[in-house]
There are 2 protein chains.
Amino acid sequence: MGYTDFGGAYVGPTQNRVLRLAKELGLTFYYVNEKELSIDYRKGKRRMYQGTIPPVWNPLVLLDLNNVMREVDAFAKLVPVDAPWSAERAVEWDSMTVKEYISKACWFSCTASVMRLAVSSLLTSEPHELSFLSFLWYIHSGQGILRMANITNGAQERKFVGGAQQLSERMAERLGTRVKLSQPCIRVEQTQNGDYIITTKNNDHYRANHIISAVPQALLNRIEFIPTLPPLKIQLIQRIPMGSIIKTMTFYKTAFWRDYGCCGSVISHNGPVVYCIDDTKPDGSFPCIMGFVVADRARELCGTTPEERKKTICKHYVESFGMKEFMHPVNYAEKNWMEEEYSGGCYTSGMPPGVLTKYGRVLREPFGDIYFAGTESATYWSGYMEGAIQAGERAAREVLAAMGTENPSNIDPIEPADADVSDTFIGPSRLELMLPSLGALLTLSSIGGAVIACAVAYKYI
Amino acid sequence: MGYTDFGGAYVGPTQNRVLRLAKELGLTFYYVNEKELSIDYRKGKRRMYQGTIPPVWNPLVLLDLNNVMREVDAFAKLVPVDAPWSAERAVEWDSMTVKEYISKACWFSCTASVMRLAVSSLLTSEPHELSFLSFLWYIHSGQGILRMANITNGAQERKFVGGAQQLSERMAERLGTRVKLSQPCIRVEQTQNGDYIITTKNNDHYRANHIISAVPQALLNRIEFIPTLPPLKIQLIQRIPMGSIIKTMTFYKTAFWRDYGCCGSVISHNGPVVYCIDDTKPDGSFPCIMGFVVADRARELCGTTPEERKKTICKHYVESFGMKEFMHPVNYAEKNWMEEEYSGGCYTSGMPPGVLTKYGRVLREPFGDIYFAGTESATYWSGYMEGAIQAGERAAREVLAAMGTENPSNIDPIEPADADVSDTFIGPSRLELMLPSLGALLTLSSIGGAVIACAVAYKYI
């Protein structure tokens, strides 16, 4: 019997809490295959390359791409992860979309296209849907754009042997019967004593002094709070929608793409799958390509049947890999996260313009003795399993602090780096940092040109 | 005993359904006072004027404002009210915010400021929060920007004698005990026969063959549907947030502002109240200024107490009207719609970029025998009482059509114009239509200048 991860799956360096928890629970990892080359597929052309950044032959485009990625990382560092609304340019950045930024910052359509892919695959929303401030905050929380986009040494480096679900299962084992499954909370009522009565869908009742909610903020709409949530929270939870994704797994008889020198990774500028990765098990069994159908692509494919999607995706793989074998899968499985009423979408929430500066403060603000966790509320790797753990542990410590058994200054301690997972520096090289932007280069050229013209004029006139 | 309207209150020409319903229910109207002058308050300066458009002395600014308002109305007409996603420029307009449009279209900061006021007071959201396509759709549905902004001959022309609540009350009287109050629906379950069982919060059950939901789309999150809503609907209802408003009523001993030649209307470029109107009763009793605190201004004032808000607002009236008497109200009352869990905000929903083109199609799409009404789903005066009636009647006819007792081509008939409410043409005059835009003027001037320069050069060289 095999297993496959339809939810959160990948783990990488600097995600120290999930690495620690994995160790504690006796789980091990395997590396996602990236031995062979990756493919960048754009306008019907395939470019093979090693690593993260798609190959760019035109040196001007290279300067452009280098400049934009460097600038996004630099801007991201100016956004405090725990209070993004306090960034110096917060109001400006929160009143523009990521698309506006891309249009202004990119000189070449190719650069803009790479950025659009990066945004939609990292956040499962289109650039025009997202506040630029919220994007920068997300990038900062995920330790920079390269760290988030990479397989090797990045967020997609490794997967759990046996599947990520074991994290929850092993924690649940320890908690025993205290974990109640299939009992969504529908009401939280504060009594006159100040404690709470929780009602679940099947009309069970639980009494609690403190409550931690770990559902995405948008799902708080499904719970009746008595007394009602404060006005800004009532409005926030209408403004923090979950992203759009269908996670697909296409299984083949063999991992034949490796024989052609391809590792299985394709970044695709068009077609249904924005990004795919080899998902073959570490022992070589169940050869598989995992493909993310995100944002507008996911919404468009919502109207089709799984069988139609399978065909569309296989056809896309044939074209983007340039291998006819992709037309003949042995199995296909998918998870459309948009149809999950108790998720509302995946991987995480995306904020439209104006939300973070006006409502961000109430994201984690406790309401009485109700505390808010969930990866959407994290400040470190928000949107990832790491963020879910950080937020959960922070909320647990908030409760302990409220009970007087934890120091309030220690509710969100820095996690020590994992000793076994190498954390190689990732980010622009010294050369990349020093390369001029295209604008600067053109200015320099103009000045240079003018100086030469003057010199020539001086000599000949 | 007095009454005051904290919810929908105003009615104007072309809102023929609400006019018809009022007649049917025996309700009458009175005119909102606009006899005296209005005030435009900007950067500490007051400008008195008659009518809708704030006075602009600089002829270039006038050209600019004329051009932008004319263009918005012209663009709006290109957006089909029942299928805005099918507009030729739908994708472009839906991937930009209204702020982006304003930045590009306005030459003067004064023009941009007027547009920002218009957007935030019409939609209770800031321009950077709204898709330009959704804004154009809203303007088209409301018969143009001037019709929506005006008192006389516009959407704020008249109010119900005795209050707007009577509309609902008199309809409820006719329906008798079939109207259930304080019983929010929490579950809609389809049985194996295909009919539905509705569960209310106090655990009453109702059986139905057809259901009409008339709550704002965002509130559908609060209802459990079995089977679950389709994926695009699950995602839509997370992306259609209700606007932000505190509607305030400040009462005075006399309507002293009229003695100073002011009708009570102020458009304010800064301060808590974006727009205020005389709310004195038609017999002169209960002299009152109604003030809208909207969008960012409302969110900022959320953190204060009603008593603090009263003071802030009175101080603002003193400054913007230039009359000290405003500091001494005899009463103050307000409704913060953001704290209403069963509204989520007011007046209506605002769509961020990307929503209308990707999710707009499922706004009114029935789900089985569940039909969606509510003013947010209207195509004529959406967001207004008129829209609520249009949507409700359309949904009722959808049910009748499903039952076979209504012609499916007649589910949303055109409403005949009300015979008693004059519907004077409103919109740009022929002169205003012919005035050049500032860009065109500058181009013409440049060409003109060049021609003159050439002529001069020809003569003298």
Side-chain angles (χ1 to χ4, degrees), chain A residues 94-97 99-100 125-131 184 186-187 201 203 216 218-225 228-232 234-244 246 295-296 298-300 302-303 336-345 349 351-355 357-359, chain B residues 94-97 99-100 125-131 184 186-187 201 203 216 218-225 228-232 234-244 246 295-296 298-300 302-303 336-345 349 351-355 357-359:
Chain A
D94 201 33
S95 66
M96 64 194 274
T97 65
K99 177 170 185 280
E100 269 183 89
S125 290
E126 296 295 334
H128 59 260
E129 297 176 275
L130 298 167
S131 138
I186 60 164
R187 188 174 304 142
K201 190 175 148 182
N203 219 26
L219 292 191
L220 293 172
N221 280 302
R222 304 196 56 137
I223 300 169
E224 186 192 4
F225 290 91
T228 58
L229 293 172
L232 289 182
I234 286 180
Q235 291 228 312
L236 169 70
I237 62 181
Q238 297 173 54
R239 286 166 165 76
I240 186 165
M242 297 300 285
S244 307
I246 307 173
D296 278 356
R299 296 154 194 163
E300 278 152 23
C302 251
N336 181 355
W337 283 97
M338 297 183 277
E339 69 187 13
E340 272 295 308
E341 60 172 333
Y342 291 114
S343 302
S349 55
M351 288 189 218
V355 178
T357 44
K358 291 301 161 193
Y359 299 97
Chain B
D94 200 33
S95 67
M96 65 193 273
T97 63
K99 178 170 185 280
E100 269 184 89
S125 289
E126 295 295 335
H128 59 261
E129 297 176 275
L130 297 167
S131 138
I186 60 165
R187 188 175 303 142
K201 191 176 149 182
N203 219 27
L219 292 191
L220 293 172
N221 280 301
R222 305 196 58 138
I223 300 170
E224 186 192 4
F225 289 91
T228 58
L229 293 172
L232 289 183
I234 286 179
Q235 290 228 313
L236 168 69
I237 61 181
Q238 298 173 54
R239 286 167 165 76
I240 187 166
M242 297 300 285
S244 307
I246 308 174
D296 279 356
R299 296 154 192 160
E300 279 152 23
C302 250
N336 181 354
W337 283 97
M338 299 185 276
E339 68 186 14
E340 271 296 307
E341 60 171 334
Y342 291 114
S343 302
S349 54
M351 288 189 215
V355 178
T357 45
K358 291 301 161 193
Y359 298 97

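The sequence lines fix the lettering, A, B, ..., with proteins before strands; numbering per chain opens at 1.
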> Quick check on the interface: out of B:Glu340, B:Lys201, B:Arg187, who has the most heavy-atom pairs with chain A under 4.5 Å?
B:Lys201
> Tell me, side chain or backbone of B:Ser131 under 4.5 Å from chain A's heavy atoms, or both, or neither?
neither
> Is a side-chain donor or acceptor of A:Gln238 paired with a backbone partner of B:Arg239 at a separation under 3.5 angstrom?
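Pair absent, no side-chain N/O of A:Gln238 close to backbone of B:Arg239.
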> Please determine, among A:Ser244, A:Ala218, A:Pro184, the option with the most heavy-atom pairs under 4.5 Å with chain B.
A:Ser244
> How long is the straight-line distance from CG of B:Asp94 back to CD of A:Glu129, given to the nearest 0.5 Å?
9.0 Å
> About how many Å separate OH of A:Tyr342 and CD of B:Glu224, when rounded to the nearest 0.5 Å?
4.5 Å
> Looking at A:Pro353 and B:Thr97, what are the two nearest heavy atoms and their distance?
CG-CG2, 4.3 Å
> I'd like to check the side chain to side chain donor-acceptor pair (under 3.5 Å) partners of A:Arg222; sequence neighbours left out, ordered by chain and number.
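A:Glu341.
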> Can any side-chain N or O of B:Glu100 pair as donor or acceptor with the backbone N or O of A:Glu100 at less than 3.5 Å?
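No; judged by distance alone, with no hydrogens or angles, the pair does not exist.
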> To the nearest 0.5 Å, what is the distance between CD1 on A:Ile237 and CG on B:Asn221?
8.5 Å
> My understanding is that only residues two or more places apart in sequence, or in another chain, count here; which of them pass side chain to side chain donor-acceptor pair (under 3.5 Å) with B:Lys358?
A:Glu300
> How long is the gap from NE2 on B:His128 to CE on A:Met96, to the nearest 0.5 Å?
12.5 Å
> How about A:Glu126 and B:Ser95: does a side-chain donor come under 3.5 Å of a side-chain acceptor?
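Side chains of A:Glu126 and B:Ser95: no pair found under 3.5 Å.
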> When rounded to the nearest 0.5 angstrom, what is the spacing between CD in B:Glu339 and CD1 in A:Ile234?
7.5 Å
> Given B:Leu232 and A:Arg299, is the side chain to side chain contact (heavy atoms under 4.5 Å, CB included) satisfied, shown in steps?
CA-CA 7 Å; B:Leu232 289 183; A:Arg299 296 154 194 163; 4.1 Å; yes
> Go through the atoms of A:Thr357 and report whether side chain, backbone, both or neither lie under 4.5 Å from a heavy atom of chain B.
neither
> Can you tell me which portion of A:Ile223 sits under 4.5 Å from chain B's heavy atoms? Options are side chain, backbone, both or neither.
backbone
> Return the option, out of A:Pro352, A:Gly344, A:Pro230, A:Cys302, with the maximum number of heavy-atom pairs under 4.5 Å with chain B.
A:Gly344
